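Worksheet for the structure shown next.
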Amino acid sequence: MLDRRLTYFSELERFIREWDEVCQAVVFQAAPDLENEKSFDLAIPCFQWSKVKKLPPAKISEALAAALELAKDHLGLDAVESLNAYVNIRFRSDILQRELAAREDDPLRASREALAGERIAIDFSSPNIAKPFGFGHLRSTNIGAAICRIYQSLGAEVVRINHLGDWGTQFGKLITAYKHFGNADFVKGDPINNLYALYVKFHEEEQKDPALMDEAREWFVKLEQGNEEARELWTWFRDVSFHEFKKIYDRLGVSFDYVTGESFYNELMEASVSLIESKSLLKESEGAQVVDLESYGMPPCLIRKADGSTLYATRDIATAEYRMKTFEPTKLVYVVGSEQKLHFRQVFKVLELMGYPWGERWVHVDFGLIKSDQGKMSTRKGNIILLEDVLNQAEERALQIIEEKELTKPEERRLTPAEKKEVAKLVGLGAVIFFDLKAKRTKDIIFSWEDILNFEGDTGPYLQYSYVRLGSLLERAKAESIKWSKADWPLLAVEEERDLVRHILNFPAAVEAAAKEFEPSVISHELLELAGSFNRFYMKVPILKGESDQVAGRMHLIEMTRKLLRQGLELFGIQCPDRM
RNA sequence: GUGCCCAUAGCUCAGCUGGAUAGAGCAUCAGAUUUCUAAUCUGAGGGUCGAAGGUUCGAGUCCUUCUGGGCACGCCA
């Protein structure tokens, strides 16, 4: 990732444009690792001029290199080289230092105002009441929470909404199952798991006795009409469920501005249906009321069932109207699995036909399924992995590793039992969150205990460990009375050092790209590269040894790297221990 | 059947608006710790980028077709 807004890029670009006015946009790319003593910061492919100039790219490369050579001092270049069809460029150290200095207090400064004025309302997590919080729910929760933090860090205003699935025929099913197979004491014993057991039981029994489904539908009609018994049971199920969810959210460090279930929008639905009707969009079909979307290449959107009750789409339409009016967001985002792509396309289209020409402002941020080895996880079949179990196991594994490492540590670095527990908590959580955010969100994730409990390589703990190493360097420097100030800059004498600086300077561009694509994994990869770059530097160079001005500059670089690593991980809700 | 998504090393994945010899991690093997935390780093092996055409000076990337897999397609959410 290159940040083309860096002033040294833009100055170079301006020069090249003046050099050749035909050129539309200058293409830059990261320089490859050539087997040279000194690496390049940037490469310019010269094919882009070949056609208009009617010259082979290698000739153009030579000419451009010669022109740049003459302007070397002015542009702050250290080396210019023409190699085949490319011009490779290396900037002077002071040019990179100047950029570092501009953001030394805040490595993300360059992008802080990038989304100022935006207000996004984002619907994420949104679990179904009366079902345990499975590992699958982590995706929406994690991706959504990360997007919130990313947008906030770019200056946008964020409205976090947890749209609980607390309405619909599933509650008819639950009430039916409760009446047939359950009782109050059973539910009180272990509310969420036993409600879930009833739900699974319903689906088993329904196979044998289809009449149960009719009964479930009836109960939902009653619930929607305000039947007292149905209401009471529903309220109870809802309360005990949310109590359990709250524990998970606290553990993940996720919070919401609004926790409003689908039921909240119940009363708004009639108005939405009326509006749809007044626009002559509604038509009857097989007893139900639908909006025909055939001319948009989609199947019809069901608004009202034959029995008069509403559907998922109806509620989402009413909900969207409410959010647009209440929050007046510049974007209304839904973090929901990709199996609902068609649903959102339909809902957005109906809203558009209703007179809300929002287009790009509605966003469905979709993501892949979490699959177990046995295939898709299904709450209905009961083969679900609980998030709580995953978090617990990860913490246990972390603790186990910490205990092993303790034995090899010198006395003064050992942790107290309380510290071990705290570190295990952060590391376990870091491992799980990062595992989930590492791959591009649209990829399906295959759940594997082995992968999730591996703390080496491209993992959260690796990043946390790198942070700890950086902190350890600073501590050590302090202990050895090494002094440095903000006036000390890295001299970039070794390639590893320069590479690290490049990663720091390009990081803000990655955060912006992540926001634009609603894709946290862009940041995951940038974090891994940042940490990898630092670790290579660390292994190659004895940072605390050497000339005092060199050490001072490097310590300043270490400080900045540490800060950026922490900021980056915070975007994912991953905290860093000071020692581990 | 129709639509959408996916296919890169044994496994999990990067690959930014098309550009140099397709890169990481895991696993395997070989190394590095009297020196700043080895949850690290270095190296090796491992690839017809699912297949075939096309566009282009240039295709993992764009277009078409095909194959394989996933998801969705009216009274669930």
Side-chain angles (χ1 to χ4, degrees), chain A residues 1-2 25 27 29-32 34 43 45-48 50-51 56-57 83-86 88 128 165 167-170 172-173 213 216-217 262 285-290 297-307 309 311-313 315-316 336-343 345 366 368-369 371 376 380 398 401-402 404-405 408-410 413 427 438-440 442-446 448 450-451 454-459 461-466 468-469 472-477 480 509-510 513 517 521-522 524-525 528-529 531-532 535-536 538-545 558 579-580:
Chain A
M1 186 83 54
L2 292 175
V27 176
Q29 69 186 76
L34 300 171
C46 297
F47 306 94
Q48 48 194 323
S50 185
K51 210 168 214 170
L83 182 64
N84 300 325
Y86 295 82
N88 292 320
N128 286 332
W167 208 240
T169 311
Q170 53 172 332
K173 293 181 192 175
M213 195 62 206
R217 274 193 275 265
E262 294 182 281
S285 167
E286 295 169 37
Q289 307 222 275
V290 308
M298 285 184 270
C301 182
L302 265 81
I303 300 297
R304 209 194 281 279
K305 293 193 267 189
D307 67 10
S309 62
L311 290 114
Y312 185 39
R315 291 192 280 282
D316 264 0
V336 181
S338 56
E339 68 271 21
Q340 291 186 29
K341 270 180 127 166
L342 177 60
H343 166 75
R345 277 180 61 215
D366 63 313
L369 299 168
K371 295 184 191 167
K376 187 186 172 179
R380 288 207 290 226
I401 292 171
I402 290 164
E404 284 165 18
K405 308 269 179 205
T408 66
K409 283 184 189 169
R413 268 213 315 273
V427 171
K438 186 168 57 169
K440 203 177 271 188
T442 50
K443 290 246 179 196
D444 287 348
I445 287 188
I446 295 166
S448 141
E450 195 188 327
D451 289 341
N454 173 31
F455 295 174
E456 287 172 16
D458 289 349
T459 65
Y462 168 69
L463 298 172
Q464 289 168 315
Y465 176 75
S466 305
V468 167
R469 258 192 169 172
S472 183
L473 275 174
L474 295 172
E475 245 179 65
R476 191 67 178 229
E480 292 182 14
E517 311 288 327
S521 72
V522 173
S524 314
H525 291 107
L528 289 170
E529 289 215 21
N535 280 310
R536 282 188 294 276
Y538 180 91
M539 291 305 273
K540 173 89 179 282
V541 178
I543 294 167
L544 298 175
K545 316 278 184 283
I558 293 304
R579 290 197 288 165
M580 67 190 266

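Numbered from 1 within each chain, the chains take letters A, B, ... in sequence-line order. Here the structure is a predicted model, which means the values were calculated and not measured.
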Touch class at under 4.0 angstrom, heavy-atom based, for [X] against every strand present:
{"X": "A:Val468", "result": "base"}
{"X": "A:Ser50", "result": "nothing"}
{"X": "A:Glu262", "result": "sugar-phosphate"}
{"X": "A:Phe47", "result": "base"}
{"X": "A:Asn84", "result": "nothing"}
{"X": "A:Lys545", "result": "sugar-phosphate"}

* Any donor-acceptor pair under 3.5 Å between the side chain of A:Asn88 and the base of B:A20? ->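 In this structure, the two groups form a donor-acceptor pair.
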* Under 3.5 Å, is there an N or O donor on one side and an acceptor on the other linking the side chain of A:Ser285 and the base of B:G74? ->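 Pair found.
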For a quick test of reading the model: is some side-chain N or O of [X] closer than 4.0 Å to OP1 or OP2 of [N]?
{"X": "A:Lys443", "N": "B:A14", "value": "yes"}
{"X": "A:Ser521", "N": "B:C13", "value": "no"}
{"X": "A:Tyr312", "N": "B:A77", "value": "no"}
{"X": "A:Arg345", "N": "B:G3", "value": "no"}
{"X": "A:Arg469", "N": "B:C36", "value": "no"}
{"X": "A:Ser338", "N": "B:C5", "value": "no"}
{"X": "A:Tyr538", "N": "B:A32", "value": "no"}

* Asked: Which value, in whole Å, describes the distance between the P atoms of nucleotides B:G23 and B:G60?
  ->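 Pairwise P distance, B:G23 against B:G60, rounds to 13 Å.
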Paired with [N] by Watson-Crick or G-U wobble geometry, both distances under 3.5 Å: which nucleotide is it?
{"N": "B:A9", "value": "none"}
{"N": "B:C29", "value": "B:G43"}
{"N": "B:C4", "value": "B:G70"}
{"N": "B:U17", "value": "none"}
{"N": "B:C36", "value": "none"}
{"N": "B:G60", "value": "none"}

* Asked: What nucleotide, of B:A72, B:U37, B:U12, holds the atom closest to the side chain of A:Glu339?
  ->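 Ranking B:A72, B:U37, B:U12 by closest atom to the A:Glu339 side chain puts B:A72 first.
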* Let me know, please, whether A:Leu544 or A:Ala30 comes out on the 5' side of the other along RNA chain B by nearest nucleotide. =>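 Upstream on the strand: A:Ala30.
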* Is it true that a side-chain atom of A:Glu262 and a backbone atom of A:Arg315 form a donor plus acceptor pair closer than 3.5 Å? ->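 No; judged by distance alone, with no hydrogens or angles, the pair does not exist.
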* Any donor-acceptor pair under 3.5 Å from A:Asp444 side chain to A:Leu369 backbone ->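 Judged by distance alone, yes, a pair lies under 3.5 Å.
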